[in-house]
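Reviewing the structure listed below.
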Amino acid sequence: MDHAAVLALFDRHLREGARPDGPGARVERVGAVVRQTAPAHGWNGVVWSAPEMPDADAVIAEQIAYFTGLGRAFEWKLYGHDLPAGLGQRLAAAGFVPEPDETLMIGDTAGLALGTEPPAGIRVVPVTDRAGVGLVADVHEKAFDADAAWLRRQLLERLDHDPDTVVAVVALAGDTPVSAARMELVPGTGFAGLWGGGTVREWRGRGIYRALVAHRGRVAVGRGYRYLQVDASAQSRPVLERLGFAALTSTTPYVYRPAR
């Protein structure tokens, strides 16, 4: 895989050419940035900014004013190769708070090891209805110790209004949900994003996460997608590397929360 060429494709198709990621979301290019505006439970933020941005501070201030006017917290999704240099410091100076760094990892499905099956006693079940979404949300809350109300609502909306663009699965030990994940398909780009892979603490280290990556990869191949993309945590990166994913750059979410 040509890393530079694939990273350029990623920037062009999923960032500069971004599309709304759910019902009620809107993507627009405004001057030097591409941003998404969504309902409060959706993702609001800047997905791309022009490399030539001599008035970066003014552009940042414009986005703060826009989202603050809507009463929305928002994210500026910054990648390690983004220009101008020092953009992260400018965001921090403007009041954004950086969250933990992740690694943008991409795999060409032709070269990935996607044959992994779940360990004994675990079955992977597709999520297609409200009950299944509830299981995904329950796993998310236990795995990440975070509220999943936004995920529950967002996933239900995607399954109701645009089911061909999302795949969700839950791993069950008997009738107990122990892991869950989703995949977002972007038609016309060749890219499918793997998101939300989380396993309940006492079930980690058994190969379930790896099996869910492989499962979603096989689904993506069956639907004609070539590339799988993940914003990987430090815990996920070694597993993904063993499957054949390549680390292309870093990514840091800079989050701005308006004062109440």
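None of the values given here were measured: they were computed from a predicted structure.
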Output side-chain donor-acceptor pairs under 3.5 Å for residues 29-39, partner residues at least two apart or in another chain, one line each.
residue	atom	partner	partner atom	Å
R29	NH1	E16	OE2	2.9
R35	NE	E28	OE2	3.0
R35	NH1	Q63	OE1	2.9
R35	NH2	E28	OE2	3.1
Q36	OE1	D21	N	3.2
Q36	NE2	D21	OD1	2.8
Q36	NE2	D21	OD2	3.4
Q36	NE2	W43	O	2.8
T37	OG1	Y66	OH	2.8

Output, in order, the C-alpha distance, side-chain angles, deciding distance and verdict of salt bridge (charged side-chain N to carboxylate O under 4.0 Å, His left out) for E202 and R204. CA-CA 6 Å; E202 55 267 31; R204 293 173 188 169; over 6 Å; no
Mark yes or no for whether E141, through its side chain, and A148, through its backbone, hold a donor-acceptor pair below 3.5 Å. yes
Are the side chain of T68 and the backbone of A65 linked by a donor-acceptor contact shorter than 3.5 Å? no
R15 side-chain N/O to V47 backbone N/O, donor-acceptor pair under 3.5 Å: yes
Any side-chain heavy atom of L212 within less than 4.5 Å of one from S179? yes
Plane angle bin for F10 and F191 - parallel if under 30°, tilted between 30 and 60°, otherwise perpendicular: perpendicular
Would you say E157 and H41 are linked by a side-chain donor-acceptor pair, where the criterion is simply a distance under 3.5 Å? yes
We want to know whether H81 and D11 form a side-chain donor-acceptor pair, criterion being a heavy-atom distance below 3.5 angstrom. yes
Could you walk me through whether W150 and H140 pass side-chain contact (heavy atoms from CB on, under 4.5 Å), step by step? CA-CA 11 Å; W150 66 272; H140 183 94; 4.2 Å; yes
For D101 and S250, does a side-chain donor sit closer than 3.5 Å to a side-chain acceptor? no
Any side-chain heavy atom of V125 within less than 4.5 Å of one from V169? no
Taking it one step at a time, do D231 and K77 satisfy salt bridge (charged side-chain N to carboxylate O under 4.0 Å, His left out)? CA-CA 11 Å; D231 289 352; K77 187 79 167 157; 2.8 Å; yes
Hey, are R226 and T109 close enough side-chain-wise for a donor-acceptor pair under 3.5 Å? no
Lys/Arg-Asp/Glu bridge criterion (N-O < 4.0 Å) met for R201, D145: no
Going by the salt bridge (charged side-chain N to carboxylate O under 4.0 Å, His left out) test, name the single residue among D55, D82, D57 that passes it with R90. D57
